[in-house]
Every structure is written in C-alpha cells, then in structure tokens.
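The block underneath contains the structure these notes are about, expressed in structure tokens.
Counting convention: from 1, in listed order, for ligands and their atoms alike. This one's a predicted model, so the numbers in the text were calculated from it and none came from an experiment.
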Amino acid sequence: MLAVYAARQSADDPLSGLEVGERPDPTPREGWTTVTLRTAGLNHHDVWSLRGVGLAADRLPMILGCDGAGVDEDGNEVIVHAVIPSDGWRGDETLDPRRTLLSELHDGTLAEKVAVPTTNLVPKPADLSWEHAACLSTAWLTAYRMLFSNAGLTPGATVLVQGAGGGVSTALVQLGAAAGYRMWVTSRDEEKGQRAVGIGADRAFANGERLPDRVDAVMETVGAATWSHSLRSLRPGGTVVISGATSGPNPDATELNRIFFLQLRVIGSTMGTRDELERLTRFLISTGVRPLVHTVLPLEEARKGFEQMKSGDLIGKIVFTR
Ligand SMILES: NC(=O)c1ccc[n+]([C@@H]2O[C@H](COP(=O)([O-])OP(=O)(O)OC[C@H]3O[C@@H](n4cnc5c(N)ncnc54)[C@H](OP(=O)(O)O)[C@@H]3O)[C@@H](O)[C@H]2O)c1
C-alpha cells in the first residue's frame, strides 16, 4: 500500500529521512481491526519522529501519522484514537506508563490502511466532513483536554494561547471561544495573529508583549521561547497548562520563585482519552465549530505538507486525502 514513512532520522535535516512509497499492508491481530483511511492529519509529532525524538531508530522504517479517519472492517465511518494502551490497561489511556502513540511502536495513519485496537475507534458523525474528522485525534484532542479537563476554568475566563498559527493553537482558540472564554493569542507574525482573531480570538499580541490584564490561564506549546512570558502573564493562583515545547524544553530561567510566590499551577497535559475524543466530536456537532484547515493535499504529495509544517508557514491543520 502507499504510505508516508520515516526511513531515516536527522535532527538537523528531518525531511531527508522522509519517504513516500510502498509499505506492506497491516497484518491482522487479535482484538485489532484495520481501517481503510479516507483522510489523515499531519502533526508536529511527525516532524519530531523524523528528528529522532520519541521514535527509536531501531523501529524504522515506521509509517508516520497519528490522525486518521476512514471505514472499519464492518463498514462503519470512524475516527482513529491515536493513544494505544498496553494490553490489559484499564482507565485513562494517557496515564498508562507503557502507552504509545500511533507511529511510535505501531505503524501510523499516513497510509492507505492502519491497524488499531477495536477500542480505539470513535464513530465519525455524519455531519463532520472527512477533512475535518482527520484533524481531531492529536492537536484538537490535546487542546480539548488542556482547556476543559486540565485548566480548571469557567466561562468568562481569560486565556492566553502562546502561538497563533499551529494546529494546537488554532484548536485552543476555536474551542475556547465556543465555550465562552476570552481568548488571547501571541504570534511571531501579525498576520497570523489577525487570522486567529478571525476564528474567535478576542485579541492578538506580539510574542513577549505586555498584556493589558493578567490572565486566568496560559496554554503553552511553544516552550523555551515563551515560558517566561507565560509565567509573567498569569494572575496570582493562575494556571499554565503545557503540552509541548516546539522551541526547546529548557527556558533560560524557570523562575521557581514566581511559581511559589504567586501560587501558580503548572499542569502537564498529553493527548486525551478515547472518551474525550468522542466528547470532542459531540462538542463540534453541537456548537458548529469546525477545524481551521490550512491545506488539503493528496497523500502522494505529503512532502509539501511536511515542508510547510517545518517552515512554520501555516495557520491551522494540514490534511492528506486518498
Ligand atoms: N503533548 C501532546 O500530547 C501534544 C499534542 C499535540 C502537540 N504537541 C506539541 O505541541 C507543539 C505544537 O504542535 P502543533 O502540531 O500545533 O505544531 P505546529 O502546527 O507546527 O505549530 C507550532 C506553533 O508554535 C508556535 N511557534 C513555533 N516556534 C515558535 C517560536 N520560536 N516562538 C514562538 N512561537 C513559536 C507557532 O506560532 P506562530 O507561528 O503563530 O508564532 C505555532 O502556533 C509541538 O511541539 C507538538 O509536538 C504535544
């Protein structure tokens, strides 16, 4: 089958190890099912895998991709949940110490077919397009859990999102605005900030700009480049929820004194459960919110999508179709 896979890894030149070509079909396994994919979504996770972060070299070649939507063996239209728990695990899959994401141990979704445990399927609502269904399992699910499970917010709260253009950032803005939060964003690019205002942000600021008020919570995926601004932007008792560190994991100063003196809460967040993914689909149907899609490309042209993501020149999600 046609697949997009990591053949090699390079920290400095990640796309040099990217291949688009033939890979074997998935092999059937007890308790698993094969989904014939209609669409798949690209995430920064796929670039990290090519850089050698989170994917061991001895697992190559590995089909990339965490997000996908398609038709299961019984003809049902489904969305694939990317968090694969270890055999016998019960409860929140994200807390299983031996859980993996698709494309870390098992082949991922950037292919014609993917095999997953039957428990990892969520029904695709008929009113959700294939393109939109392909955006949900990673960036949107992560944003949902950050905002609604981990931030401890109530409607009317003010929330700062660091970064405007990314998949997680745009999801945070759209979900938060729909839930009645006042969403502020920062961006390296004024135009992206304005696009964020167009999808529901109340205001956009330059990276590091002093805000007119302290916020109740900050949603952090940028890491080192914005960490100090995140802490300085919080009201006493406020919460920073962090799920990524695109610009690096080690800020110049961690400012522990600010954290304890202002009684800030720092909450780590990763992906979400299958049930949260199903609730996310229901939230989209009841609110009418749909993911902002930057580009739709045939799977054969996946390299173009990876180039856009690596350059940072995007706003919203990149989707591949079959
Ligand atoms: N823990 C999890 O479960 C989980 C799930 C999803 C994603 N993540 C992580 O979260 C991060 C974002 O993922 P994504 O898929 O949304 O990636 P993406 O689409 O490539 O977005 C990157 C974002 O980072 C901002 N950014 C990048 N470099 C920056 C810098 N030097 N200074 C300021 N802003 C910068 C961009 O904002 P502007 O271009 O607007 O400035 C953009 O919003 C990645 O590191 C990813 O691995 C983690």
D96 versus S86, side-chain donor and acceptor atoms under 3.5 Å: yes
Across all chains, not counting sequence neighbours, the side-chain contact (heavy atoms from CB on, under 4.5 Å) partners of R145 are D92, T94, S149, N150, S269, T273, E276
I'd like to know if the side chain of Q162 pairs up with that of S230 as donor and acceptor (distance under 3.5 Å, no hydrogens or angles considered). yes
Counting the benzene-type ring for Trp, do H132 and W140 have ring centres under 6.0 Å apart?
no
For ligand 1, run through the N/O pairs with the protein that fall under 3.5 Å and put one pair on each line.
from     : atom 1 : to   : atom 2 : distance (Å)
ligand 1 : 1 (N)  : S243 : O      : 2.8
ligand 1 : 1 (N)  : T270 : OG1    : 3.3
ligand 1 : 3 (O)  : M271 : N      : 2.7
ligand 1 : 15 (O) : H44  : N      : 3.2
ligand 1 : 16 (O) : G167 : N      : 3.0
ligand 1 : 16 (O) : V168 : N      : 2.8
ligand 1 : 17 (O) : H44  : ND1    : 3.4
ligand 1 : 19 (O) : G167 : N      : 3.0
ligand 1 : 20 (O) : H44  : ND1    : 2.6
ligand 1 : 28 (N) : R188 : NH1    : 3.4
ligand 1 : 39 (O) : R188 : NH2    : 2.8
ligand 1 : 39 (O) : K192 : NZ     : 2.7
ligand 1 : 40 (O) : A164 : N      : 2.9
ligand 1 : 40 (O) : G165 : N      : 2.9
ligand 1 : 40 (O) : S187 : OG     : 2.7
ligand 1 : 41 (O) : S187 : OG     : 3.4
ligand 1 : 41 (O) : R188 : N      : 3.0
ligand 1 : 41 (O) : R188 : NE     : 2.9
ligand 1 : 43 (O) : G166 : N      : 2.9
ligand 1 : 43 (O) : S169 : OG     : 3.2
ligand 1 : 45 (O) : W48  : NE1    : 3.3
ligand 1 : 45 (O) : T246 : OG1    : 2.8
ligand 1 : 47 (O) : W48  : NE1    : 2.8

No-hydrogen, no-angle side-chain donor-acceptor test under 3.5 Å, Q308 and T295 | yes
- Query: Any salt bridge between K310 and E307, counting N to O under 4.0 Å?
  - Reply: no
